[in-house]
Amino acid sequence: MAATSFHQAIGTLQSHGCFINSGCYQENGNSSPQLISKGFRVDIGRRGSSCSRERSFVVSQASTSQASVMNPVSSPSKKTTTDSQKKSSEAALILIRHGESLWNEKNLFTGCVDVPLTKKGVEEAIEAGKRISNIPVDIIYTSALIRAQMTAMLAMTQHRRKKVPIVMHNESEQAKSWSQIFSKETKTQCIPVITDWQLNERMYGELQGLNKQETADRYGKEQVHEWRRSYDIPPPNGESLAMCAERAVAYFKEHIEPQLLSGKNVMIAAHGNSLRSIIMYLDKLTSQEVISLELSTGIPMLYIFKEGKFMRRGSPVAPTEAGVYAYTKRLAQYRQKLDDMFQ
Ligand SMILES: O=C(O)[C@@H](CO)OP(=O)(O)O
């Protein structure tokens, strides 16, 4: 589909309440602004398609073993996620793939290698922060990898509410105890940041550190595409998307959904493939559809969780974008409050 007809399609969808930013789904996972050639493009161009009728689903009841969220945010227990609460609660969920890393720039398979952002990646993270600066964030989840953590922290420097993101250290009793905050007032001005390896990029096995182009030249384009984008074929000694989904989606269900159910607004800063698997779950994509899903670096995507359902709201293009705040009364009120506080 040509760019013009895509934009026409987007116009139609926007007027039907489905906001899609072309930056969300692209051919090149890093930053090229091309559109994907299959999958979503077909879907979003069709009225009454899964997108235009707002994909939504009922989330499963939260598990009781939620344990990773420490002070200053209390862990929602099963008792607090009753059906009535599920109905009344509404929360924002922001997903953001980290900004460009030094190995994205060099076109190297990265996976679980802990590589920092480039200068461009830093700028992307700041830009992403501007775009979501009027959206409430109560708790942040990131992977254990620095590129996702840098992205979350840099994005939060732009938030108008100016709360301080604080990394929770739950790795040992001593770490927990030594990082306590003793002022109630200070705690209310903090946003807990939970880091967990389950949100890491998929482990790329023996491809980690190899150049993507050279690998394609050596093993053939098709083989490399299969390793990179098939759903259940793993790269040599690495994780397939299905394997990555198994741990990332399980983590989402066990730790993140209960926060949303209790009305907390959540931001997740993670990776191309861990987020693809979470989006596959949120949007109920098939293993065929997810193959064509590509995420750009540093583009925030907004979902509204309401009455037990996830509704994809696309990507806010700017903090002032009226459409985003019209999505729910609560977002509009939050923004109004910020305007009153800071003007
Ligand atoms: O190298 C990686 O870790 C990932 C993301 O950059 O690459 P791919 O796009 O092949 O999944």
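We count ligands from 1, going down the list as the structure has it; atoms in each ligand are counted the same way. Model, not experiment: these values are computed from the prediction.
Listed by number with element, the atoms of ligand 1 under 4.0 angstrom from any heavy atom of Asn104 are 6 (O). Ligand-side atoms of ligand 1 in range of Glu201: 3 (O), 4 (C), 5 (C), range being under 4.0 angstrom from any heavy atom. Shown in contact with Asn273 at under 4.0 Å from a heavy atom are these atoms of ligand 1, numbered in order with element: 11 (O). Taking a cut-off of under 4.0 Å to the non-hydrogen atoms of Phe109, the atoms of ligand 1 that pass are 1 (O).
For the pair Arg330 and Tyr334, the cation-pi test (distance below 6.0 Å, angle within 45°) is failed.
The shortest N or O to N or O distance between Gly111 and ligand 1 is below 3.5 Å. Considering backbone and side-chain atoms alike, Lys212 places an N or O below 3.5 Å from some N or O of ligand 1. The N/O atoms of Arg228, backbone and side chain alike, include one that comes under 3.5 Å of an N/O atom in ligand 1.
Side-chain N/O atoms of Ser315 and Arg131 include a donor and acceptor closer than 3.5 Å.
Of all the heavy atoms in His271 and Leu199, the pair that sits closest is CD2-O, 3.3 Å.
The aromatic rings of Phe305 and Phe310 sit tilted relative to each other, their planes meeting at an angle between 30° and 60°.
For Trp227 and Tyr204, the ring centers sit 6.0 Å or farther from each other.
Using a 4.0 Å cut-off between charged side-chain N and carboxylate O, Lys119 and Glu123 make a salt bridge. Salt-bridge formation is detected for the pair Glu294/Arg229: a Lys NZ or Arg NE/NH1/NH2 atom is positioned less than 4.0 Å from an Asp or Glu carboxylate oxygen.
Not a single heavy atom of Gly272 sits closer than 4.0 Å to an atom of ligand 1. Contact analysis puts Arg229 in contact with ligand 1, with a non-hydrogen atom separation below 4.0 angstrom. At a 4.0 Å cut-off, at least one heavy atom of Leu108 sits close enough to ligand 1 to count as contact.
If you look at Arg97 next to ligand 1, the close heavy atoms, those under 4.0 Å, all belong to the side chain. Under 4.0 Å from ligand 1, the heavy atoms of Tyr204 that appear belong solely to its side chain.
Using a distance-only test at 3.5 Å, with no hydrogens or angles considered, a donor-acceptor pair links the side chain of Asn265 to the main chain of Ala92.
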